[in-house]
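Just below is one structure, and these are the notes that go with it.
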Protein chains: 2
Amino acid sequence: MQSPKHTLAIARFFRQHKRLPSYREMLTLTGFKSTNAVYRLVGRLVELGFLSKDKNSKFAPGPHLLGVSVLGTVEAGWPSPAEEELVDTLTLDDWLIHNREATFMLKVSGDSMIEAGIRPGDMLLVERGRTPRSGDIIVAEVDKHWTLKYYERHGGRVVLMPANKKYKPILPQEELNIAAVVTAVIRKYHS
Amino acid sequence: MQSPKHTLAIARFFRQHKRLPSYREMLTLTGFKSTNAVYRLVGRLVELGFLSKDKNSKFAPGPHLLGVSVLGTVEAGWPSPAEEELVDTLTLDDWLIHNREATFMLKVSGDSMIEAGIRPGDMLLVERGRTPRSGDIIVAEVDKHWTLKYYERHGGRVVLMPANKKYKPILPQEELNIAAVVTAVIRKYHS
DNA sequence: TTTGACAGTGAACATTCGTTCACATATACT
DNA sequence: AGTATATGTGAACGAATGTTCACTGTCAAA
């Protein structure tokens, strides 16, 4: 029997149950009749990077099971199969989220940041409680209205800059309520 | 003892080991001295949605451990604590990736799609093997050069449209090599 | 004070776990 | 042919698993 079919079955189980199957469960997944068969299969998958094992030999998903392969740039084009070995693998969650308890998603409405490449319908990853640095994009409440703006300090003065010529910079007087700092923008196609 | 501290310890273990700790491991994580204490703790966490249990009472991460809370829109502003109950929770990986084996990431270089909100340095999630529909953004090789373009069919004719007035539409003659269809754009701030 | 609910301890249970053994079968190479 | 080498079977091992029980201490309401 070949590995890829079994690998897919295990991956499907992992996606569905959010955990890895035990050897006994892999028996039914793979069609093997002996746990020793899947034991050796797992050994191969560990070497391939699909699975990994802890100290106590409990296993966890490996890089290839969790991550997405990262290629170069668009200009560099599609790598040939030979150099695909060089590609890195990245977990979206670990890459984008640092403080999970303080991270939220919200949808962009309005076009005040369109020149910064943030368009209505985009999804924002924002982090609460972080103190913004000049140049950050923030979600703030100004005059009882919630917007997306660049946060900039000029001297000791805070200026909220839109990225749209239709709107004007805001010099908040007193009631500046910064809710969160934008850490990422995600635009999803194909619904 | 309060739950949140223990919850964080378990969450940290999960982020680090990519799997959930056993009851015995939770003993050292929480400082409890009896597995019964963590057994009842886990019961509470299951009700809260941080953990979940399988049929065989093996447990898996719950929605609150994997996902990110989704709020409304920027205009709607920050929800009051009262209505935070209504928010949904979303897993980035499950949301963005449908066919993991065929999905790759690559970095945008060049400004040919800047008017579509895709800027140099942005990261693309692309899917290989998918047949593009008119209006999709694709990664294609034209004249031995890799670019990002809108894929459009006018009549029976394929046109590759840039989203930048500096560039002209491309009417591929023969050698049109479509590598992948863009399924998402991710821009990360704060490095 | 008495009572009752709650939270933690410590020990025990049957079950399941990962691992390893010896043996059978198949495939490829000389 | 014969002979390695790999692959799957079946049964068994100790160790670790989730769960449960009886008991102790604590804190607040009656």
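What you are looking at is a predicted structure, and each value in this text was computed from that prediction instead of being measured. We name chains A, B, ... by the order of the sequence lines, and we start the count at 1 in each one.
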Could you state the atom-to-atom distance from [atom1] of [X] to [atom2] of [N] in whole Å?
X	N	atom1	atom2	value
A/Tyr39	D/dC13	OH	P	18 Å
B/Leu41	C/dC6	CG	P	16 Å
B/Met26	C/dG8	CE	P	15 Å
A/Phe32	C/dT19	CZ	C1'	17 Å
A/Leu20	C/dG18	CG	C1'	14 Å
B/Leu27	D/dT17	CG	C1'	12 Å

Residues in ring-ring contact (aromatic ring centres under 6.0 Å, His included) contact with [X], at least two apart in sequence or another chain:
X	result
B/Phe59	B/Tyr23
B/Phe13	B/His17
A/His154	none
A/Phe14	none

For residues 176-183 of chain B, dump all side-chain donor-acceptor pairs below 3.5 Å to protein atoms at least two apart in sequence or in another chain.
residue  : atom : partner  : partner atom : Å
B/Asn177 : ND2  : B/Glu141 : OE1          : 3.1
B/Thr183 : OG1  : B/Leu125 : O            : 3.0

- Quickly, which of A/Asp93, A/Asp54, A/Asp94 forms a salt bridge (charged side-chain N to carboxylate O under 4.0 Å, His left out) with B/Lys18? Name it, please.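 Testing B/Lys18 for a salt bridge (charged side-chain N to carboxylate O under 4.0 Å, His left out) against A/Asp93, A/Asp54, A/Asp94 leaves exactly one candidate, A/Asp94.
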What N/O pairs connect the protein and nucleotides 21-27 of chain D at under 3.5 Å? Give each pair on its own line.
residue : atom : partner : partner atom : Å
D/dC21  : N4   : B/Asn36 : ND2          : 2.7

- Please name all residues satisfying side-chain hydrogen bond (donor to acceptor under 3.5 Å, both in side chains) with B/Lys58, sequence neighbours left out, ordered by chain then number.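 Checked B/Lys58 against side-chain hydrogen bond (donor to acceptor under 3.5 Å, both in side chains); zero matches.
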- Message: Show every salt bridge (Lys or Arg N to Asp or Glu O under 4.0 Å) that has at least one partner inside residues 109-121 of chain B, sequence neighbours left out.
- Response: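 Residue pairs with at least one partner in residues 109-121 of chain B: B/Asp111-B/Lys166, B/Glu115-B/Lys165.
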- From C/dT9, D/dT19, D/dT9, pick the nucleotide closest to the side chain of B/Lys33?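 It is C/dT9.
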Can you check nucleotides 12-17 of chain C for protein contacts, nitrogen or oxygen pairs under 3.5 Å, and list what you find?
residue : atom : partner : partner atom : Å
C/dC17  : OP1  : A/Ser22 : OG           : 2.8

- Task: Mind checking side-chain contact (heavy atoms from CB on, under 4.5 Å) for A/Arg24 and listing every partner two or more places apart, or none if nothing turns up?
- Result: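 So A/Arg24 forms a side-chain contact (heavy atoms from CB on, under 4.5 Å) with A/Ser22, A/Thr35.
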- Task: Name all residues meeting the side-chain contact (heavy atoms from CB on, under 4.5 Å) criterion together with A/Ser34; count only those two or more places apart in sequence or in a different chain, and write none if there are none.
- Result: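 Only A/Asn36 meet the side-chain contact (heavy atoms from CB on, under 4.5 Å) criterion with A/Ser34.
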- Query: Once the angle between the rings of B/Trp78 and A/Phe104 is folded into 0 to 90°, is it parallel (under 30°), tilted (30 to 60°) or perpendicular (over 60°)?
  - Reply: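 Aromatic pair B/Trp78/A/Phe104 classed perpendicular.
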- Task: Scan residues 11-19 of chain B against DNA chain C and write down, sorted by residue number, each residue with any heavy atom closer than 4.0 Å; if none is found, say none.
- Result: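 Under 4.0 Å from DNA chain C: no residue of residues 11-19 of chain B.
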